[in-house]
Amino acid sequence: MAMRLEKCTRETFSPSSFEEIKAEILLAAEGTSEEEITDLTLVLDHGSYILSSPFVLSAHEVPALSRIRLHIKNKSGMRPVITGTLPLFGKDFSAVPGEPYYIYRFPKDEEGKYPMFRDLYVAGEHLTPARSDSFINPYPLLPEERRGEIKKKGLYLPIDAVKRMLASEGAIYFTLQVEWECFTIRVTGADLADTKEENGEIYALVTFRDEFDLFVRAVNGCINIGKREGYFWGCVNELTPGSFVYDHEKGILYYYPKEGQDVAQISFRYPVLETLFHFEGLCGVTVEGITFTGTTSKYVFEHGYFSGQANTEKRAGRLPHAAICGDEMRNLTVKGCCFRALGGNGLLLRDGAVGVAVSQCEFEDIGMSALSVGNPSAKWEEKKNRNFSILAEDNLLSHVAYTYPTSVAAYFGVVDGLRFLHNTVRDTAYSAFSAGWFSIEDFPLGERVNLRDAEIAYNRFEDFMTVLRDGAAVYVAGNNCEAKDARRFNSMHDNFALRHGINTASRGFYLDASSSNWDVYRNVAIGCHYPLFAQFHVPSQYTWHCHLYDNYIDRPVDRGNHAPWRDTVLGATYDDTTDEITMFEKYPEAFGIFTQSGYLSYDFFE
Amino acid sequence: MGISLKVKYSWDETEKILMPATLSEAFDIIKKEAEGRDKDHKIEVVLSLGKGDYSFDQPLLLDTEENEGLSYVTLTVEGEDGARMTGEKFLTASDFKPVEGKPYYICRFPEKDGEYPAFEDFYVDGVRIPMASSEIFVHPFTYESPVKEDPVNFVGLYLPEDMMRKIVDADAVVPTHIMMYIEWHFKSIELASVDFEDKRENDGVSYVRVHLKDNYMEILNSINGFLNIRNRECYFTNCPAYLTPGTFTYNPYRGELLYYPADTLEGHKLGVSTLENLITVKGMQNITFKGVAFSGATTGYRIKNSYFSGQANCESRVRRLSHAALITHNVKNVLFDGCSFSELGANGLQMKDASTSVTIVNCRFTHIGMSALSVGNPTTEWENPANRNIGIRIENNLIEDIGYTYPSAVAVYIGMVDGLLLSHNTIRKCAYSGISVGWGWSRVGYELGEKVNIRDAEISYNRIEDFMMLLRDGAAIYVLGANVDASNARRFNKMHNNYASRELYRDGSKRGYYMDGSSSNWDVYDNVICGVRLPIFSQFHCAGQYTFHNHIRNTYSTYAIDRGNHAPWRDTILGKYYDDIADEAEMMEKYPAAAAIRDASGCDLK
């Protein structure tokens, strides 16, 4: 393991830590005149680089950094790993008499606090956090409760689940999934004497920390929490083999070993960082051939987590928790990197991104979004929301957003010039891809942008929407110019989307919220309740100037997608087969779309 | 003839119909009706003009900064056939007195506030007649930059002695100008005095030193740059010595107009205009002008201040003068349909600052001293919203006899623009380029959409005849500036199916389709160009301004196309072209495709 920092003039430094690297970079930046640009290349040898604090380079704090082009790359043939974890050895765990699990008690730090983390790793893999079975919350929020006129005491949840939760040790949280939103709140107690009966089932009152009042008002007004699934987590009595619970309030980590597993031989790693690299206002950064792993997000422990669409926390917005977080980045290249086992996001770009290329990367086991570019805002007039020329090509995104399920695997905000090509996205809690935001106002093309010049093509989407509802393999939102402009300057084509088992709320190719000016053609959707959906349920969000043709689907197409008076035209659609085998037999074109879809860099990923 | 004003209120079913006596009164009513309006209280105003002339003494102004309520006014101005707005003030024969011993007459204007009116347009029967001018001569002396250090050269120019004697001998005091054509510049400079003792000789012709007024020699020195005045065409204008039938001169310091009638003084409609614009609209949206004619506007700047024009009629001290029949600033949703702009001394329609969603169709622009139509500011600062032009459509217009008074004025000027359709227009007889689009000469580093020079432009099916009649280094269609970072190879601008023709004479500086100043991302195809020595010119002379990502194909030319246009290393590709026939008629016979392009080009207005 070694690092080397090269200037373009071939001066070479050999820093021993990222702190030293930063110092050298700042020195080089300050030594670069305003008319010059200095290229710096940081070459990382094989090995794990454990960060004790995020590696932060901010041109806002140090304007001279705008004169540096930084290239961070692996030494040829090597696979350096950047991580924010610390080791924890199984031999330091204690057996709990009469229980199958072991515990480790963290000492308090200098400030008298225990570490805070939601993720735990062994051998580079996420361990499973223990949680209860899912159950249904039967009761919706009343309008008076939403308005704050009636103070809600808590939620009435199935009494058996509540009893079991009460019997457990641990800092316990309740997570509730509501369509495309998800809420997590710290449980403070329950009153088994305060019950309600519904269809012969008894529901007992569960009470929550103060943020519960905010939760009541935070749920999107057009959805409700009644008959929605939830579960408890952080309960020690829900431990199963291979799972863990961490009580951050007492600093106790519980681990239930798998059968035959010797705890003393396990080397755990717990994350102390929420972000590994944080760049701000930089231009010309390249990151190549690096693996990032081992982060977490702590926000939920102190505030709960109220997530709106696309993992937008209703109070904090997009948290900067990511392996690489970039704000106001320009000319960023991320190539051949691996983002694996991360508690937050993989690559997160906020507040305006210009000229970004992400290619040949693998994102696997990511708690939030694998790849997220842009803010969740339609306000193009604010510079921080504008993204230009974004390319994501030939990437693999897998097992994404199971910790924060509203996160889409690949998210793009408002953007002028988007290419999402030849990516494979599989096993995602919510939508595999989402672009645009809820722009419904009319504007002349060019005056503002929601999505312009976007091409989503040759991608393969498998098993998306496994947790939440009302999303899709490819979800696009927002109108893209004034209704009188009929040009179709966005395209979605040659994509293959497959779900195993039809979820009643899953969609294939979903044009929502007044989406406009799309050509959607030569796509395949299998196993989706609505394979094609050009919004025709919500009148204020109908689509226009969208042409859908030559698509292959395994369910009868809904004619609601055909609305010529809105120039939403459903052309030839091949919907007379019910599974991919027969579809491929009958329509070789569909098979061709399948074979041409997905990532290309087999060697890299295999 | 009559004016009617219909006012409809958005919150009320009723409508009001008024019959103002004058246009000024009508505008006053509109402003009054607009006061206090807001988004919930909009009004729709239709101003109808019956057949006849509507003249006024003061320019009319609708400005949302002065009257915010105008932002909520939808204004339609419609004219019956023959309705004309004019700033012309009519004179009678009795206003003129004969000048003893001369064939011309004098009209003395009254002094007002210590000044006489400043204008340079005199109308006879509604037609601007020419100012008395000398024949053209060629200035033979080099103008070199070290001249500043040479006080002898610094203070004057050497001009033909015989012409100067003729001017001095004329028994009239009028501020005579030397007019100089210098490539794409022109200078119109008032003479101060002549020193007949200080002579130079060239080719047997005697030249005497002429002093320029004020510090004009200094200005000329400072702005000439790499251009030179040697062998450039010049003439004297506004000189009584050259009064011939049907010409005039004007002395703005004494308010004296000298007119040499073509036949008799009596029996003609005589007039001058002292208005530099007729109507100015600022900040409004939803404006329509339909079937209205504009005439009788002038400019008084040059005659008192001289004029140092750079590219596209930008004066070196004051930039673009706001002198036009109709001026708009920061407008949106504007339609001009079937309007006529004619006999104007300055610009026809000048849309300054931002223009969004503008349609100009079926209009005639004839006999105009500056540009017929100008949209946008001559600047590269897209980041300033006041410089953005979005969604501009100019179709089926007839544009004829343009720019002969201010020859650097292009017939149709479009600045930075996102979304341009310039199609099926006929442009005939113009002093300089027929069409000029874009601004800026250097390569740019921005991503597509981040900034704009020219994006999504289509210049097609235009017919341009007898262009570049006075100046040099321009073209039938001239586009300027890089349009995105050179890494982006998409060709998002198109120039096709245009027909341009002129007599091949004078010099080889005239061009057909000209991509200048790092122009990029153009597809140029199926165009015809006749009578031009540089039919295609994708800048390959100035190394700092080479073009890139331009593909040029299927050009039909009567003159050989230079292979310098083919530079594959810059992705500037010269594809097929047909330049083997020097005679236009023969070329059309040999290439029916060229004849088809010619026949389909231009407008349908006669």
Side-chain angles (χ1 to χ4, degrees), chain A residues 37 66 69 283-284 286 328-333 349 351-357 373-374 380-391 412-419 441-455 480-491 517, chain B residues 39 285-287 330-335 351 353-359 375-376 382-393 414-421 438 444-458 483-494 521 549:
Chain A
I37 295 288
S66 61
R69 279 197 300 243
C283 179
T286 303
E328 297 178 53
M329 294 297 285
R330 186 177 184 86
N331 296 346
L332 170 69
T333 303
L349 301 177
D351 292 349
V354 178
V356 173
V373 180
W380 181 259
E381 55 275 24
E382 292 177 18
K383 192 178 178 192
K384 67 178 183 181
N385 296 324
R386 300 177 197 159
N387 305 288
F388 299 95
S389 193
I390 310 295
L391 168 70
F412 300 90
V414 294
V415 57
D416 188 348
L418 170 65
R419 297 286 178 274
E441 286 177 31
D442 258 11
F443 54 88
L445 184 64
E447 193 179 49
R448 289 167 47 191
V449 169
N450 178 54
L451 295 171
R452 181 177 183 182
D453 199 9
E455 184 181 13
N480 295 314
C481 70
E482 59 195 346
K484 71 181 181 189
D485 192 332
R487 282 175 288 175
R488 297 188 303 281
F489 44 82
N490 297 314
S491 64
N517 312 86
Chain B
K39 63 182 173 53
Q285 300 186 16
N286 307 318
I287 315 162
N330 298 315
V331 291
K332 186 171 176 180
N333 294 340
V334 183
L335 168 65
M351 306 192 76
D353 302 333
S355 297
T356 303
S357 296
V358 172
T359 301
V375 180
W382 180 261
E383 50 274 36
N384 179 355
N387 293 324
R388 298 178 192 163
N389 303 293
I390 293 165
I392 309 296
R393 177 183 162 219
I414 312 289
M416 298 179 294
V417 61
D418 187 350
L420 170 68
L421 177 64
V444 296
Y446 54 74
E447 297 292 342
L448 188 61
E450 194 182 14
K451 290 184 189 176
V452 169
N453 177 48
I454 306 170
R455 182 179 185 184
D456 278 354
E458 180 180 354
N483 295 316
V484 71
D485 182 82
S487 62
N488 189 332
R490 277 182 285 167
R491 297 187 301 283
F492 44 81
N493 295 316
K494 295 184 180 68
N521 311 85
H549 305 313

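Bear in mind that the values here come from a model prediction, so they are computed numbers and not experimental data. Here is the naming used below: chain letters follow the sequence lines, and residue numbers restart at 1 for every chain.
Partners of A/D351 under the salt bridge (charged side-chain N to carboxylate O under 4.0 Å, His left out) rule, at least two apart in sequence or in another chain, do not exist in this structure.
Closest approach of B/I390 to A/L445, counting heavy atoms only: CG2-O, 2.9 Å.
For A/E441, the CD atom sits in a loose shell: 12 or fewer heavy atoms of surrounding residues, nucleotides or ligands are nearer than 6.0 Å.
Looking at A/N387, there are no atoms closer than 4.5 Å to chain B (heavy atoms on both sides), in backbone or side chain. Of the atoms belonging to B/D456, it is side-chain heavy atoms, and not backbone ones, that fall under 4.5 Å from chain A. With a 4.5 angstrom heavy-atom cutoff, B/F492 does not touch chain A via any of its atoms.
Within the model, atoms CG of A/D453 and CZ of B/R455 stand 6.0 Å from one another, a figure rounded to the nearest 0.5 Å. Atoms OG1 and CD, on B/T356 and A/E482 in that order, are 9.5 Å from each other to the nearest 0.5 Å.
Per-residue counts of heavy-atom pairs under 4.5 Å with chain A were compared for B/S357, B/G419, B/S487, B/P385; the largest is that of B/S357.
The side-chain heavy atoms of A/F388 and B/K451, taken from C-beta on, include no pair separated by under 4.5 Å.
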Kindly indicate, with the supporting measurements, whether the criterion side-chain contact (heavy atoms from CB on, under 4.5 Å) is fulfilled by A/N331 and B/E447.
CA-CA 9 Å; A/N331 296 346; B/E447 297 292 342; 3.7 Å; yes
